[in-house]
**Student:** 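Next up is a structure, given as C-alpha cells.
Every value quoted in this text rests on a predicted model; they were computed, and no experiment measured them.
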Amino acid sequence: MRVAKHVVEARRRKLAELLQRHRYLGIADLCKEFRISEATVRRDLVFLEKGHLITRTYGGALADYNLRFPSFRSRRTTGTEGKYSIAQQALELLRPESVIYLDAGTTIFALAEAIRVAPVRPLACVTSNLPAADLLAEVDGVDVYLLGGQVLRRQSVLLGEEACRSAGYWKFDLALLGAEGMTREGVWNSSPAVVALQKAVMAQSRASAVLLDRTKLGRTAPSFLGGWDSLTALITDAPPEALKEEGIPDYMTELKHIKSYTGSMSLRSNKVSEVDDSEEKSENSDLTLRTSLL
C-alpha cells in the first residue's frame, strides 16, 4: 500500500525533530516510535542525511554532534595553555608497560603531544582519536591500536556500536577521558554515542581520569556521563577554590589518589591467559598482539 506523500514528509519531519532532542537513536527505537519497518526507517534516514539534517551510524543516527558541534580543528585553537598544563599532569600518571585508552578531543590530543615529546616506554595506546593515533604511531616504543567504529570526519573520532564492542576486547590500566562539562552532579558530554563509548571503556578500566579545562566548570551538556563516584580522578587547571564552590569533591584532583591505582601497572597484570610462543607469532608475520587484548 502506497503511503501519501504528505504523511511521509510529516513523519520525516517528526523523526528529524526527535533526533534533535535525543541526539542519538537506534533503528529499533525509531521502528517502535513510528510503528514502521526497519526498511522504512532506513529510507527515511537516507533522505534526512542527504538533506544534511543527520549523520547515519551503524544501527542508528546522530544529530547535532557531528553536524553542529565545533570541529576538532576549530577546537584545537582554544584554551591551549590550560590543555598543555592538564596534559603535563596526566603524563605523570603513565607508567611503562601499561595499556591506556586515549579518548577523543583536543585536550586528549594535547596529552598525545606530550607523550610524543617525553615518551613513556613501552606503552600501548588504544584510542578512538584519529589525530592522536596518527601522531603517536611514529613514536618508538609506543604501540597504537584503533578501535573499530564509524569515522566522523569533522570530529576526527570513531564512534558507534562497533566502537563499543571493540572496546570490550581490551583491559585498560588507565582510561583518559574528555568531556564538555563538570558540575557538582558529575561529568557531562556532547552526545549519547560519545557517552556510550566512554562507559564501555570505563567498564574495562582499572582506573579512569577525566581531563577538563577550567572553561568546562559549571557547564552541563546533553548527555550525562556519570557522577564523581564513577571516576577515579579529575585532572584540571581550574582553581581549587572554584572547584570547591561548584561542589566538586576535593579528593578527585589529588594525583596521589589515582597513583594508588596506576603505580604498579604492567602489561602482565592485564594478561587473561597464557599463550605459547608458537601461537603468539604467526609464521608469516612478526606482529604480536598485546596481552591486554582479550
**Student:** Are Val157 and Leu130 side-chain neighbours, meaning at least one heavy-atom pair lies under 4.5 Å?
**Tutor:** no
**Student:** Can you find a pair of side-chain heavy atoms, one from Ser85 and one from Gln89, that are under 4.5 Å apart?
**Tutor:** yes
**Student:** CD of Glu241: more than 12 outside heavy atoms within 6.0 angstrom?
**Tutor:** yes
**Student:** Provide the closest heavy-atom pair for Ser230 versus Gly227 in the form atom of the first, atom of the second, distance.
**Tutor:** OG-O, 2.6 Å
**Student:** Provide the closest heavy-atom pair for Val142 versus Cys125 in the form atom of the first, atom of the second, distance.
**Tutor:** CG1-SG, 3.9 Å
**Student:** Would you say the side-chain atoms of Asp103 pair up with the backbone N or O of Leu176, donor to acceptor, closer than 3.5 Å?
**Tutor:** no
**Student:** Answer whether the closest heavy-atom distance between the side chains of Lys171 and Val99 falls below 4.5 Å.
**Tutor:** no
**Student:** Are any of the side-chain heavy atoms of Arg206 and Leu174 separated by less than 4.5 Å?
**Tutor:** no
**Student:** Within 45° of the six-membered ring axis of Phe34 and under 6.0 Å from that ring's centre, is NZ or CZ of Arg11 located there?
**Tutor:** no
**Student:** Would you please test Leu15 and Leu48 for side-chain contact (heavy atoms from CB on, under 4.5 Å) and show each step?
**Tutor:** CA-CA 9 Å; Leu15 194 157; Leu48 293 173; 3.4 Å; yes
**Student:** Given side chains that start at C-beta, do those of Val117 and Leu91 come closer than 4.5 Å, heavy atoms only?
**Tutor:** no
**Student:** Between Ile36 and Asp44, is the side-chain contact (heavy atoms from CB on, under 4.5 Å) condition met? List the steps.
**Tutor:** CA-CA 11 Å; Ile36 54 179; Asp44 286 353; 4.0 Å; yes
**Student:** Answer yes if Leu30 and Phe47 sit in the same cluster of Ile, Leu, Val, Met, Phe, Trp and Tyr residues linked by side chain heavy atoms under 4.5 Å apart, and no otherwise.
**Tutor:** yes
**Student:** What's the separation between atom NZ in Lys216 and atom CG in Leu211, rounded to the nearest 0.5 Å?
**Tutor:** 10.0 Å
**Student:** Taking Thr106's backbone N and O only, do any of them form a donor-acceptor pair with Lys83's side chain (distance below 3.5 Å, no angle check)?
**Tutor:** no
**Student:** Check this for me: Glu9, atom CD, are more than 12 non-hydrogen atoms of other residues, nucleotides or ligands nearer than 6.0 Å?
**Tutor:** yes
**Student:** In the single-linkage hydrophobic clustering (I, L, V, M, F, W, Y; side-chain heavy atoms under 4.5 Å), do Val151 and Val126 co-cluster?
**Tutor:** no
**Student:** Can you tell me if Asp143 uses its side chain to pair, donor with acceptor, with the backbone of Leu123 under 3.5 Å?
**Tutor:** no
**Student:** Do Leu177 and Leu102 pass the side-chain contact (heavy atoms from CB on, under 4.5 Å) test, and can you show the C-alpha distance, the side-chain angles, and the key distance before you say yes or no?
**Tutor:** CA-CA 7 Å; Leu177 307 172; Leu102 296 181; over 6 Å; no
**Student:** Does either side chain, that of Thr215 or that of Asp213, offer a donor lying less than 3.5 Å from an acceptor on the other one?
**Tutor:** yes
**Student:** Pairing donors with acceptors under 3.5 angstrom, does anything connect the side chains of Thr183 and Trp188?
**Tutor:** yes
**Student:** For Trp170 together with Tyr145, are the ring centres under 6.0 Å from each other?
**Tutor:** yes
**Student:** Donor-acceptor pair, Gln198 side chain versus Gly178 backbone, under 3.5 Å?
**Tutor:** yes
**Student:** Can you tell me how far CZ of Arg219 sits from CD of Glu180, rounded to the nearest 0.5 angstrom?
**Tutor:** 6.0 Å
**Student:** Same cluster for Val194 and Leu158 if Ile/Leu/Val/Met/Phe/Trp/Tyr side chains link at under 4.5 Å?
**Tutor:** no
**Student:** So does Pro131 get a backbone contact from the side chain of Ser156, meaning a donor-acceptor N/O pair under 3.5 Å?
**Tutor:** no
**Student:** Which distance, rounded to the nearest 0.5 Å, do you find between the CD of Glu92 and the CD1 of Ile258?
**Tutor:** 12.0 Å
**Student:** Kindly say whether Ile248 contributes a backbone atom to a donor-acceptor pair with the side chain of Arg184 at under 3.5 angstrom?
**Tutor:** no
**Student:** For the residue pair Arg95 / Ser98, report whether a side-chain donor-acceptor contact shorter than 3.5 Å exists.
**Tutor:** no
**Student:** Test Met182 against Thr236 for side-chain contact (heavy atoms from CB on, under 4.5 Å), laying out the working first.
**Tutor:** CA-CA 11 Å; Met182 53 176 163; Thr236 182; 3.8 Å; yes
**Student:** Which atom pair, heavy atoms only, marks the closest approach of Asp237 to Arg214?
**Tutor:** OD1-N, 2.7 Å
**Student:** Ignoring hydrogens and angles, tell me if any N or O in the side chain of Asp173 forms a donor-acceptor pair with the backbone of Ile100 under 3.5 Å.
**Tutor:** no
**Student:** Does the Arg116 side chain pair with the main chain of Leu136, one donor and one acceptor, at a distance under 3.5 Å?
**Tutor:** no
**Student:** Within the 3.5 Å criterion, strictly below it, is a donor on Tyr101 or Ser208 matched to an acceptor on the partner's side chain?
**Tutor:** no
**Student:** So Pro96 and Pro122, do their side chains get closer than 4.5 Å, heavy atoms only?
**Tutor:** yes
**Student:** Taking all non-hydrogen atoms of both residues into account, name the closest pair between Ser190 and Pro222 and its distance.
**Tutor:** O-CG, 3.8 Å
**Student:** Atom OG of Ser128 and atom CG of Leu146: how far apart are they, to the nearest 0.5 Å?
**Tutor:** 8.5 Å
**Student:** Without swapping roles, check the side chain of Ser166 against the backbone of Gly148 for a donor-acceptor pair under 3.5 Å.
**Tutor:** yes
**Student:** Tell me, do Leu243 and Leu234 make a side-chain contact under 4.5 Å, heavy atoms counted?
**Tutor:** yes
**Student:** Please answer whether the main-chain N or O of Val201 pairs with a side-chain N or O of Ser205 as donor and acceptor at a distance below 3.5 Å.
**Tutor:** yes
**Student:** For the CD1 atom of Ile108 and the CD atom of Glu113, what is their distance to the nearest 0.5 Å?
**Tutor:** 12.0 Å
**Student:** Looking only at non-hydrogen atoms, find the nearest pair between Val8 and Val3 and report the distance.
**Tutor:** CG2-CG1, 3.9 Å
**Student:** Hydrophobic cluster membership, with links at side-chain heavy-atom distances under 4.5 Å among I/L/V/M/F/W/Y: are Tyr251 and Leu217 in one?
**Tutor:** yes
**Student:** With the 4.5 Å side-chain cut-off for hydrophobic clustering, are Leu111 and Val139 part of the same group?
**Tutor:** yes
**Student:** Could you report the tightest heavy-atom contact between Ala179 and Val187, atom names first, then the distance?
**Tutor:** CB-CG1, 3.3 Å
**Student:** If you round to the nearest 0.5 Å, how far is CG of Leu231 from CG of Leu225?
**Tutor:** 6.0 Å
**Student:** Counting C-beta onward and ignoring hydrogens, is there a side-chain heavy-atom pair between Thr127 and Leu147 closer than 4.5 Å?
**Tutor:** no
